[in-house]
Each structure stands twice: as structure tokens, then as C-alpha cells.
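To keep things clear, I will list the structure first and then write my remarks on it.
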There are 2 protein chains.
Amino acid sequence: MRLIIVCTMPGTSERARNTPQRRAIVDALREADRAVTAQELHERLSGVGLATVYRNLQRLADEGEADTLLRENGETAFMLCGAGHHHHLTCRRCGLVERIGDCRLDEWARQVAGEYGFTDVDHRAELVGICARCRAT
Amino acid sequence: MRLIIVCTMPGTSERARNTPQRRAIVDALREADRAVTAQELHERLSGVGLATVYRNLQRLADEGEADTLLRENGETAFMLCGAGHHHHLTCRRCGLVERIGDCRLDEWARQVAGEYGFTDVDHRAELVGICARCRAT
DNA sequence: ATCAATGCAAACACTTTGCATAAAA
DNA sequence: TTTTATGCAAAGTGTTTGCATTGAT
């Protein structure tokens, strides 16, 4: 498994209506310890239409509530991650994701970019490895 | 523009046949200073079937010749980048890509991962900014 | 002469959209 | 009551695949 992370920027939008479907989706996301796709959620949540799942996930991403992870096969997976700059540490075996809050890449990024004449530097990073539980198995 | 980088691992495969189509594709990639998609190449190279472009790009990626970049809209773009661990510095305005050879993230990655009980850590990072030329504009 | 590569079109997988209906606010 | 969300099915988009044919070796 290889995941590619895209952290979304909070956008402006109306407050979403508190429908049972949306609640179910958010709850499922909250309980998940890994990123899930729309289709996965749709299967898990019988009674919620696929389009509804897609629409809600997209909205959560737009609102900055959810992070978006692109998988190599083209799927998009989502997870609740709150705001603030952070990275992810993903288990390449089971998909478990840890949120890495402290980032010390800014200086490196700025320096490297400067060497190439770039400004307004931003960075994204992804860590993958084997989690403790999988290692034990 | 936001690009997400996936560095491919070299695989085992037969030597590809030196067809004019393949030559055209590789040449186009070599001349490009940014990542290009199959569809873009297909347009540029009249006389090369779309499927052929896809197949060659995929093969180049499998061979480790080309890096793969996932765009947010689901497109996959490719660029020749040779082997070896490296990162990319992309201009978010014009798409220009610089290859960043020296990477000092290993230590950070290992340390952070260790704190969470992860082993066999690998990392991927992407830098985006505004290149000198775009800045001048 | 072989066997892989090409081209085309059909098939795929994931996601988005139109529209009538249901249901928050 | 007004307005947004849902569900379904149809349409979109990027990519892959089957198969006959071409062409590199």
C-alpha cells in the first residue's frame, strides 16, 4: 500500500445540514484509524447512497475537516485530521495512520528552495513504515 | 497546481523494443522540464496511439526510468528522473520541476517513526513554490 | 520467422451530475 | 414553507485491455 497525501485548505461554505447520512459518515470517519474511500464507506454504511458519500466527503475536505489521500490506483481516501500543518505516518501493511504534529522541515524546505531561486515555499511529506502491531505479527 | 509525487521502484523487465513511437515518447519526456500526462503526450505526438503512450509511460515507470506524479484531479503525470532517492521542487505557477538530489530527511523520518513504534521507514516529500522566472513576471 | 508493440475500440473504475423526492431548518 | 440534501441512474474522465495487425529483432 502506498498513499499520497494532499492536505486541504479550509474553504468558505454554508453550514452543512445535520442529516442522518452525514452523521453516519462523520461517525464512521471518526472511528476509523486509517483513510477510507467513498466506496468503502458506502459499503459499510448500508442506507447511504454512494453519491451522498462522495458529496459529503468532498464537502468535508473543502471545509478543511478531512485530509485527502490519493492512492496509487486513483482512489481517493479521506480521514478526519483537524486543522494545522501536519504529516502522516502510514503503516504500509495495515494502513494505520498516525498524525505527526511536529514538523521540522520548514527550514530545510526554505533553504533548498532558495538554492534554486524559488520563493513562497510549501512542502508536503509522507512517512511510511511498519507499525508495531504489524511488526509483531 | 498541486502535484503529489510517487517515486517508483525499479522492477524487472525485458528490454523494450526500440520502436519509433517509443523513441518519440522518450524524446518528448527528455525535452520536457515538467511532468506530462499520457493525454498531453498523445496530443503533442500525432501518430502515436493513446494506448501506446499509456503503455510506454507505465513501462518507463516500472523500469524506474520515470517518476510518477499524481495530480489532484486524478491525472497521472510522468517525467524522466533517473534513479536514486530524490525529491522534486515544483513551481506552482508554471509547473517547472527541479530535481533535488540531496535529502536530509532520513534522520528525521527515522526518529519520528521510532517515536510511534514504526520501523522500516521510508519517506516521500514534495516542495512547491514559485520559481525565479515566474516571480519576475 | 518470431514474438513483442501498436492501434483501435470496447471495457473499466472511480467520480460527478441532473433531476425528482425527501426532509432539515 | 423554503431550501438544502438525498437517491438513483446517467454521464464523465482517465486508464486499461482484447485482439487483429504491424514491425523490430
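Bear in mind that the values here come from a model prediction, so they are computed numbers and not experimental data. Lettering follows sequence order; numbering is per chain, from 1.
The CG-P distance, from A:Leu50 to C:dC14, rounds to 10 Å in whole Å. Whole-Å rounding puts the A:Glu72 CD to D:dT15 P distance at 14 Å. Atom pair A:Leu57:CG and C:dC14:P shows a separation of 15 Å (rounding to whole Å applied). Rounded to whole Å, the distance from CG on B:Leu70 to P on C:dC14 is 15 Å. A:Glu75 places its CD atom 18 Å from the P atom of D:dG14, with the value rounded to the nearest Å. Residue A:Glu63 contributes atom CD, which lies 14 Å from atom C1' of D:dA5 at whole-angstrom precision. B:Arg22 places its CZ atom 18 Å from the C1' atom of C:dG7, with the value rounded to the nearest Å. Atoms NE2 (B:His42) and C1' (D:dT15) sit 13 Å apart, rounded to a whole Å.
Heavy atoms of B:Asn73 sit nowhere under 4.0 angstrom from any nucleic acid atom. In this structure, B:Thr76 reaches the sugar-phosphate backbone alone: every heavy-atom distance under 4.0 Å involves primed, P, OP1 or OP2 atoms, never a base.
Tracing side-chain contacts under 4.5 Å through hydrophobic residues (I, L, V, M, F, W, Y), one reaches A:Ile25 starting from A:Val36; they form part of the same cluster. Residues B:Ile130 and B:Val97 fall into different hydrophobic clusters, defined by Ile, Leu, Val, Met, Phe, Trp and Tyr side chains chained together at heavy-atom separations under 4.5 Å.
With sequence neighbours excluded, the residues that form a side chain to side chain contact (heavy atoms under 4.5 Å, CB included) with A:Tyr116 are A:Val112, A:Phe118, B:Leu89, B:Glu98, B:Ile100.
The side chain of A:Gln21 sits closest to D:dT6 out of C:dC14, D:dT6, D:dG14.
Between the side chains of B:Asp67 and B:His86, a donor-acceptor pair is found at a separation under 3.5 Å.
Atom CZ of A:Arg133 has 12 or fewer heavy atoms from other residues, nucleotides or ligands within 6.0 Å.
Where B:Phe78 and A:Thr52 meet DNA chain D, the nucleotide closest to each residue was compared, and A:Thr52 sits on the side nearer the 5' end.
When atom types are taken as modelled, the side chain of A:Arg92 and the backbone of B:Asp120 share a donor-acceptor pair closer than 3.5 angstrom. A donor-acceptor distance shorter than 3.5 angstrom exists from the side chain of A:Arg93 to the backbone of A:Cys134, with no hydrogens or angles considered. A side-chain donor-acceptor contact under 3.5 Å links B:Glu40 to the backbone of B:Thr37.
For the helix from C:dA1-D:dT25 to C:dC14-D:dG12, the end axes, each set by the C1' atoms of five terminal pairs, are bent relative to each other by 30° (nearest 10°).
Checked against the 6.0 Å centroid threshold, A:His85 and A:His123 count as a close aromatic pair.
The side chain of B:Arg59 contributes an N or O atom lying less than 4.0 Å from OP1 or OP2 of C:dA5.
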Under 4.0 Å protein heavy-atom contacts per nucleotide of nucleotides 17-25 of chain D, with B for base, S for backbone only and - for none: BB----BBS
